[in-house]
Each structure stands twice: as C-alpha cells, then as structure tokens.
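All chains are named by letter (A, B, ...) in the order of the sequence lines, taking the proteins before the strands, and each is independently numbered beginning at 1. Just so you know, these numbers come straight off a predicted model, no measurement behind them.
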Number of protein chains: 2
Amino acid sequence: MAAKRSGAGSKGSGRRGASPQSGQEQRSEPPLSLERIVATAVDLLDAEGVDGLKMRRLADRLGSGAMSLYWHVGNKEEVFDLALDSVLEYRGPSDIVESRDWRGEVVHMLEDWRASMLRHPWSASLLPRRALGPNILSRLELLSKTLSGAGVADADLNVAIWSLWNFVLGATITRANFDLSDDDRAAAQQRLTGLSQHYPTIERSRLLLDNDWDGAFRKGLDFLLDGLAPRQ
Amino acid sequence: MAAKRSGAGSKGSGRRGASPQSGQEQRSEPPLSLERIVATAVDLLDAEGVDGLKMRRLADRLGSGAMSLYWHVGNKEEVFDLALDSVLEYRGPSDIVESRDWRGEVVHMLEDWRASMLRHPWSASLLPRRALGPNILSRLELLSKTLSGAGVADADLNVAIWSLWNFVLGATITRANFDLSDDDRAAAQQRLTGLSQHYPTIERSRLLLDNDWDGAFRKGLDFLLDGLAPRQ
DNA sequence: TGATTGACTCGTACGGCGTACGATTAAATT
DNA sequence: AATTTAATCGTACGCCGTACGAGTCAATCA
C-alpha cells in the first residue's frame, strides 16, 4: 500500500538507476533525498519566485522524473513548508559578544530574521500561511525567554511577542513586495504628485519614495521596544 | 482589434441575450458590468477563499460564460486588484464624536482597517502584493496628517507610519491565517506539549493557544503608540 | 430602409498544472 | 533462489487561465 515517508530522516543508500545497459546517459546525479529536494526547491524559488516552483521543473533540476518527488514528499504544499523552515534557521548571536543586554539580543535576532527572509523574498509571504516549523518555534522561544528575563510581565508577554512578530512580518512582507524598480518608483511618484491635492501629507513627507528600509526597520523596532519595555 | 475596457466607468445598456427563440432559459440576470463582477468576486472570495476564485466559477455565479468576463477585465489579476480595493474603503470616525484626541482617531482607523480585512480574510494576504489603491492611500494620508498634528517630528513621521502599517498588516495576516479550527488547535497544543522540553517558555505562556486576538491587537497598538509618541 | 459598425457574449481548444495509478527495477532480506 | 521493500517514472485525468474567432444584438449611417 506504499506508505509514504513523512517525517525527517532519510537513509540515502548509494544506488544508480542511470541506464540499464548502454551507458549513454551517465548523468552522475546523486540519488534523490529530502535534503536535496528541499535545497533545490529553495534555489528554484530564489530564481523563479513562488509561481515558478512547479513539480516538473523541480524534478528537471534534480535530474529525476516528476513523480519520483512524491516518494519523498506528500504533495507540493509540503515542499513549501520544508523550504520555508529550512531558510529560517537561527544560529544565535555571534559567539564573541556572548551576553549582551537583552535589547541587543532581541534586535539581533529580529534583524537576522528579517535578513534571512529578504535573502529569499518568497519566504515572507509564505510564512503566515504555513504551520510553524521548528526553526520558527525556536526563534519564538528565544524571544519569549529573553523578554521574560528582561522583566516583561507575564500578562504582557504574549502581547509583546505577537507585536514583535507582527512588526517583523509586516515589515518584511512589505519590503519584499514593494521593491519597486526605478520605473515603478518613478510611476508611483508621478501618480502621487498628480494626486497631491488628495494626499498632500504623504506626498510632502515622500512616504513612498523613502527607501531607507533598513533604517526604518531599526528605528521602528526601537520605538516598539520602547513601548513594550520602557527603559529602566 | 477589440480594444478592451480597462479603467472605470461602464455604460450598462439594457439588453438581453437569453434565448434567441424558445423562451426556455428565461434567466433574468442583469447584464454583466464591472461592478457586478467585482461584487460577485468578493462574495466568491468570502465563500471559497483565494484559491476558490476561478474564472469559470465566477462566471457561473454571474450567469454568464467564462470568456465574457474578459471583455470587462484584462485578466484574473485585475479581478483581485479590484476586489481588494473595493473592500478597503474608509468612511471616517463616527460623526457623533467628531474631534477626539489623536490617539482615539488613529486607533479607530486602524481597528476599522483590521476589521475590514478580517471580514474578508483573503484580503490581508493580498494587500502587500498589489498596488496601493485610492482607498489605501486615503488611510495613509489620514494617518500621516493625524500623527503630524499630534506632534510627531517630521523626521520620524515615515518611520511611524510604516511601523503602524507593519503592525496592522502583520496582525491581520496572522489572525486571518491562524484561525485554526478547534481540531487544529488541539493538534497544535498536542504537538507543542510533546515538545515542551524544546520550547518551555512559549509552552508555559500558552502563546499558541491564546485566543484574545482583539485584545492583543489593541494592547500591542497601545504599546507601539506609547513608543512612537510618548504621552505628554 | 438596408448595410454597417461596435459592444458584448460565449463555445471550443490549447498548453500547463498537480498528482493518482500502476508498471518497473534494484537492493535487502529470508 | 525467492520474496519483500525502497525508489523511480511514464501515462493519463481533470482542472486551470485564456487565445481565438464566430455569433448576437442595438445604434448609427447611407
């Protein structure tokens, strides 16, 4: 009845299925494995975006038939789940500066989180739709522990975590999707300038032209942390 | 060469295309129009979610053939654009309490924004992928004007606006997608409890089981506003 | 009036998608 | 040597967005 694999772990017994007799197709591809599938899916997503990931194309890159993938994963959704979580691993703050203040630690982890997602711009918009993988949970655990240790009241802890989650998620999704080309940017300016009688304030502050995303993230995060845990 | 319609405006000349001779099919559907297409698309999205919107199904609901839709819209993407913007109109604070404090005004608009998106849970995840429509820009303009009037420094204005945007977007997307069934919720608890040695803190605070989304939004927003514009 | 045009509708068809199903093969086990 | 298991893949099905072109009316023009 062909019970599929589902969890982790893969043997990886060396085997070759190239050509039965004539050595015409000596593609020396390694055998399929979950790891290889996920890594290749990430590459493909990076190169072609969410809509570019098709099972057939993924199989092409792996040098296998499309249906072979289904031995290792249940369906395409699972490929997304695994690709997403694989990209969100956190290695912790640099070992050198071991025990910084809690604020430094939170900021470091959240900036790393954002950076990881921006390195793979498809990941941010995928995050909210998928189950929480172990790497995501680890980050939340670290955040929770750090804030708790910093004196955030238990009653406020969940609010604080979700607020930071919301901020990071919103910032990253927005950044990843608003990465306009110069043409788009010019068009937006044009459009807004033409309508400046309707939107004078955001036109004046050049809201849509400001592209110091990193600075805005950092400053906004500081404001939020100020609100969550007033200094001293 | 059949130049398609693209912008707004639609004539809507009364006409009937029912059956040429035999009155067997006297479906008295009104004729197609952009408005009707968009309204029906919103209904369909509400009922079936993002993946449930298919051109054929939309046409079915409209009592028309699938290809007829393409006279009124360029492609499916445009249906999404129009449905999204149609759902984000803001009518302003209740007229009775005309001039509240700035904080009340900001909170009201942002809670309304979130509520509008939660009434149509597909809209939140669509928002970041689409161009800013007039209804969105109006909300940003109002936000900008209010904060500016409240004394937020010009240098901090964009950061403040984007921070609030990020917060609302993240909160709403998360809420809309985390709306687990009780079964899912039980499964998540099970899973987390089983792994509680790995994630003790978030397990203890019941982060994933906390159900008070509205309260968390309101409290988190308060914290953020505290950070952005320290009271007095 | 009859012919023409333009607005609108829709049947058919095409290429591409995810994946069910079953045949096939090679390795491991008995 | 016989059997079981792990893995691969060709074929096919149903569904999708939509290109294309033929139809149907109402309004306009000759």
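- If you measure from atom CG of Leu69(A) to atom P of dG18(C), you get 10 Å, rounded to the nearest angstrom.
- A sub-4.0 Å separation between OP1 or OP2 of dA6(D) and a side-chain N or O of His72(A) is absent.
- In this structure, the CG atom of Asn75(B) is 11 Å from the P atom of dG17(D), given to the nearest Å.
- Ser86(B) and Val42(B) get closest at one heavy-atom pair: OG-CG2, 3.7 Å.
- One atom, CD1 of Ile37(A), and another, P of dA7(D), lie 11 Å apart when rounded to the nearest Å.
- The nucleotide whose nearest atom lies closest to any side-chain atom of Met67(A) is, among dA20(C), dG18(C), dT18(D), dA20(C).
- Two residues are said to be in side-chain contact when any heavy atoms from C-beta on lie closer than 4.5 Å; Asp112(B) and Arg139(B) meet this criterion.
- Stacking of Arg175(A) on the aromatic ring of Phe217(A) is not recorded, the 6.0 Å distance cut-off and the 45° axial limit not both being met.
- In this structure, the CG atom of Leu34(B) is 11 Å from the P atom of dT9(C), given to the nearest Å.
- If you take OH of Tyr70(A) and C1' of dA12(D), they are 14 Å apart, rounded to a whole angstrom.
- At a threshold of 4.5 Å between non-hydrogen side-chain atoms, the residues Leu44(A) and Glu48(A) count as touching.
- Distances were taken from every side-chain heavy atom of Lys54(B) (C-beta onward) to each of dC20(D), dC16(D), dA7(D); the shortest belongs to dC16(D).
- Heavy atoms of Leu53(B) sit under 4.0 angstrom from primed sugar atoms or phosphate atoms, though from no base atom.
- Across dC9(D), dC20(D), dC17(C), the shortest atom-to-atom separation from the side chain of Arg56(A) is found for dC17(C).
- A straight line from CG of Asp51(B) to P of dC17(C) spans 17 Å, rounded to a whole angstrom.
- With rounding to whole Å, Asp60(B) atom CG is found 13 Å from dC10(C) atom C1'.
- If you check every strand for non-hydrogen atoms under 4.0 Å, Leu58(B) touches nothing.
- As a whole-Å value, the separation of Glu78(B) CD from dT18(D) P is 11 Å.
- A 4.5 Å side-chain heavy-atom check between Met117(B) and Val168(B) finds at least one atom pair inside the cut-off.
- Comparing dC16(D), dG18(C), dT8(D) by their nearest atom to the side chain of Ser68(A) picks out dT8(D).
- If you check dG18(C), dC10(C), dA7(D) against the side chain of Trp71(A), the one that comes closest is dA7(D).
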